[in-house]
A.B. asks: 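The structure under discussion is supplied below as structure tokens; questions concerning it will follow.
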Amino acid sequence: MVQGASKAASAARASCGPAAICQARLTLPGESGWRRMTSDSTDAANWGTGVNFLLRRIHSVYTRVMLVLASASPRRADLLRAAGIPFTVETPDIDEWPLANEPPESYVLRVARDKALAVARRKSGSPVLGADTTVVVDGGILGKPSDDAEARTMLQRLSGRVHDVLTGVALEVGGGEWTALEITRVRFLPLSAGEIDWYIASGEPRGKAGAYAIQGLASRFVDRVEGSYTNVVGLPVPAVCGLLRQARVL
């Protein structure tokens with residue numbers, strides 16, 4: 001009788017599969033009536049405990065790597081999303097004007113740090129990423145144009161020339177700070193007055209450093225890129241991943 005029951009239990013396990021172990025039950029006749037075998041329920045309890053532990057670990061890791069992007073830039077958000085980096089967005093409120101005689105490299109790093117610190121004060125304990133991008137030609141900073149007239153002046157300066165795109169990146173984690181500076185060289189084709197007028201009429205130069213977006217219509221103006229392409233878009237993704245690894249966030 002017991003031997004037959006053992007065969008029945010084996011068959012039940014085989015037919016149910018691993019996920020059904022917690023459902024398998026077998027009763028055998030005993031001297032004082034039917035008694036329930038509980039080895040399966042013990043296995044199920046252990047299995048459930050292991051799964052819960054694994055889920056807690058996954059949740060802990062996911063929570064730990066949830067980055068806060070201190071920027072309202074949709075382009076930076078798109079780049080992080082494309083790289084598979086989980087994040088939330090918090091917009092900083094800081095002064096982004098260059099200081100008198102401030103070198104472009106110092107400027108972008110300072111603003112990136114200010115952005116990250118401003119949000120880190122509100123999001124204590126979370127890793128916060130700040131970034132700032134600017135275009136530099138002849139040593140001068142070309143920020144975001146205030147109007148179409150300034151956008152036209154910027155595009156005329158970039159026409160047929162090489163310029164640098166600088167991005168400062170700052171990561172604030174638990175009181176620690178990691179920074180990086182990325183520089184990419186971009187060569188523009190010569191632009192006619194009609195092309196500049198057409199591009200300005202598209203509205204794309206508004207809100208863009210140097211008055212252009214390399215990932216948009218301005219891609220037709222770009223002859224060559226030396227360095228990180230994502231840096232020109234607004235965020236050097238490889239440099240960001242390097243900082244996240246250094247800070248043990250990624």
A.B. asks: Taking all atoms of both residues into account, what is the closest heavy-atom pair of Pro127 and Leu67, and its distance?
C.D. replies: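 The pair with the smallest heavy-atom distance is O-CD1, 3.5 Å.
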A.B. asks: To the nearest 0.5 Å, what is the distance between CG (Leu129) and CG (Leu80)?
C.D. replies: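 Output value for this atom pair is 6.5 Å.
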A.B. asks: I'd like to check the side-chain contact (heavy atoms from CB on, under 4.5 Å) partners of Arg152; sequence neighbours left out, ordered by chain and number.
C.D. replies: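 Applying side-chain contact (heavy atoms from CB on, under 4.5 Å) to Arg152 gives Gln156, Ile196, Asp197, Ile200.
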A.B. asks: When you check the gap from the basic side-chain N to the acidic O, do Asp78 and Arg75 get nearer than 4.0 Å?
C.D. replies: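 Judged by the 4.0 Å cut-off on N to carboxylate O distance, Asp78 and Arg75 do not form a salt bridge.
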A.B. asks: Sub-3.5 Å donor-acceptor pair from the side chain of Lys115 to the main-chain atoms of Ala131, do we have one?
C.D. replies: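 Flag set: sc Lys115 to bb Ala131 pair under 3.5 Å.
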A.B. asks: Go through the structure and list residues passing salt bridge (charged side-chain N to carboxylate O under 4.0 Å, His left out) with Glu102, not counting sequence neighbours.
C.D. replies: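 With neighbours one apart ignored, the set is Arg110.
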A.B. asks: Can you check salt bridge (Lys or Arg N to Asp or Glu O under 4.0 Å) on Arg206 and Asp147, steps first, answer last?
C.D. replies: CA-CA 7 Å; Arg206 297 167 193 160; Asp147 53 30; over 6 Å; no
A.B. asks: Phe221, Leu158: one ILVMFWY side-chain cluster at the under-4.5 Å cut-off?
C.D. replies: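 Shared cluster, yes.
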A.B. asks: Give the C-alpha distance, both sets of side-chain angles, the deciding distance and a yes or no for side chain to side chain contact (heavy atoms under 4.5 Å, CB included) between Val128 and Leu171.
C.D. replies: CA-CA 6 Å; Val128 179; Leu171 178 66; 5.9 Å; no
A.B. asks: For a 4.5 angstrom cut-off between non-hydrogen side-chain atoms, does Val108 reach Leu181?
C.D. replies: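 Val108 reaches Leu181 side chain to side chain.
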A.B. asks: Backbone N or O of Val68 within a donor-acceptor pair of the Thr88 side chain at under 3.5 Å?
C.D. replies: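 No: the side chain of Thr88 does not pair with the backbone of Val68.
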A.B. asks: Where is the tightest heavy-atom contact between Gly216 and Glu204, given as atom of each residue plus distance?
C.D. replies: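 Heavy atoms only, the tightest pair is CA-OE2, 3.5 Å.
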A.B. asks: Take atom CG in Asp93; do more than 12 heavy atoms of anything else shown fall under 6.0 Å from it?
C.D. replies: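 For Asp93, atom CG is not crowded (no more than 12 foreign heavy atoms under 6.0 Å).
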A.B. asks: Using 0.5 Å steps for rounding, measure from the CD atom of Glu105 to the OG1 atom of Thr167.
C.D. replies: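 Reported to 0.5 Å precision, the distance equals 12.0 Å.
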A.B. asks: CZ/Arg224 to CD/Glu226 distance, rounded to the nearest 0.5 angstrom?
C.D. replies: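 Nearest 0.5 Å value for the CZ-CD distance: 6.0 Å.
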A.B. asks: How far does CG of Leu244 sit from CD1 of Ile85, to the nearest 0.5 angstrom?
C.D. replies: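 So the CG of Leu244 and the CD1 of Ile85 are separated by 5.5 Å.
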A.B. asks: Has the side chain of Thr184 got a donor or acceptor atom that lies under 3.5 Å from a matching backbone atom of Val232?
C.D. replies: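 No, because the side chain of Thr184 does not come within donor-acceptor range (under 3.5 Å) of the backbone of Val232.
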A.B. asks: Under the 3.5 angstrom rule, does the side chain of Thr153 hit a backbone N or O of Ala149 as a donor-acceptor pair?
C.D. replies: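 It does hold such a pair.
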A.B. asks: Could you walk me through whether Arg113 and Val111 pass the side chain to side chain contact (heavy atoms under 4.5 Å, CB included) test, one step at a time?
C.D. replies: CA-CA 5 Å; Arg113 291 182 68 249; Val111 174; over 6 Å; no
A.B. asks: Val89, Leu235: one ILVMFWY side-chain cluster at the under-4.5 Å cut-off?
C.D. replies: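 Yes.
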A.B. asks: Got a sec, which residues hit ring pair (Phe, Tyr, Trp, His ring centres under 6.0 Å) with Tyr212, two or more places apart in sequence or on another chain?
C.D. replies: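 Partners of Tyr212 under the ring pair (Phe, Tyr, Trp, His ring centres under 6.0 Å) test: His163, Phe188.
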A.B. asks: For the atom pair CG (Leu155) and CD (Glu150), what is the distance rounded to the nearest 0.5 Å?
C.D. replies: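 Reported to 0.5 Å precision, the distance equals 11.0 Å.
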A.B. asks: Can you tell me how far OG1 of Thr133 sits from CD of Glu182, rounded to the nearest 0.5 angstrom?
C.D. replies: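 Rounded to the nearest 0.5 Å, the CD-OG1 separation comes to 10.5 Å.
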A.B. asks: Check whether any side-chain heavy atom of Cys241 sits under 4.5 Å from a side-chain heavy atom of Leu250, and report yes or no.
C.D. replies: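 Answer yes - side chains close enough.
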A.B. asks: Please report the closest heavy-atom contact between Tyr199 and Ala213, naming both atoms and the distance.
C.D. replies: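 Heavy-atom minimum between the residues: OH-N, 3.0 Å.
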A.B. asks: Please determine whether residues Ile214 and Leu189 belong to a single hydrophobic cluster, defined as Ile, Leu, Val, Met, Phe, Trp and Tyr linked transitively by side-chain heavy-atom distances below 4.5 Å.
C.D. replies: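 No, because Ile214 and Leu189 fall into different hydrophobic clusters, even though each may have its own neighbours under 4.5 Å.
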A.B. asks: Compare all side-chain heavy atoms of Lys208 with those of Lys144 and state whether any distance is below 4.5 angstrom.
C.D. replies: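 A side-chain contact under 4.5 Å is absent here.
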A.B. asks: Work out which heavy atom in Pro238 is nearest to a heavy atom in Thr230; give both atom names and the distance.
C.D. replies: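 Scanning both residues, the minimum pair turns out to be CD-OG1, 3.9 Å.
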A.B. asks: Less than 4.5 Å apart, any side-chain heavy atom of Glu172 and any of Trp178?
C.D. replies: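 Sidechains of Trp178 and Glu172: no contact.
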A.B. asks: Looking only at atom types and distance, does a side-chain atom of Arg76 sit under 3.5 Å from a main-chain N or O of Gly234, one as donor and one as acceptor?
C.D. replies: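 Between the backbone of Gly234 and the side chain of Arg76 there is a qualifying donor-acceptor contact (under 3.5 Å).
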A.B. asks: Which heavy atom in Pro205 sits nearest to a heavy atom in Ala211, and how many Å separate them?
C.D. replies: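 Here Pro205 and Ala211 meet closest at CB-O, 3.2 Å.
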A.B. asks: Linking I/L/V/M/F/W/Y whenever their side-chain heavy atoms sit closer than 4.5 Å, directly or via other members, would Leu142 and Val225 fall into one cluster?
C.D. replies: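 They do share one cluster, since a chain of ILVMFWY contacts under 4.5 Å joins Leu142 to Val225.
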A.B. asks: Mind listing the closest non-hydrogen atom pair of Tyr107 and Glu96 along with its distance?
C.D. replies: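 That would be OH-O, 2.6 Å.
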A.B. asks: Does Arg161 form a side chain to side chain contact (heavy atoms under 4.5 Å, CB included) with Arg187? I'd like the steps, not just the answer.
C.D. replies: CA-CA 6 Å; Arg161 303 187 60 192; Arg187 180 188 294 276; over 6 Å; no
A.B. asks: Honestly curious: do Leu191 and Val137 fall in one hydrophobic cluster under the side-chain, below-4.5 Å linking rule?
C.D. replies: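 Yes, one cluster joins them.
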A.B. asks: Taking Val165's backbone N and O only, do any of them form a donor-acceptor pair with Asn231's side chain (distance below 3.5 Å, no angle check)?
C.D. replies: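 Yes; at least one donor-acceptor contact below 3.5 Å.
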A.B. asks: Using only heavy-atom distances, determine whether the side chains of Ser71 and Ser73 contain a donor-acceptor pair under 3.5 Å.
C.D. replies: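 Looking only at side-chain atoms, Ser73 and Ser71 do not form any donor-acceptor pair under 3.5 Å.
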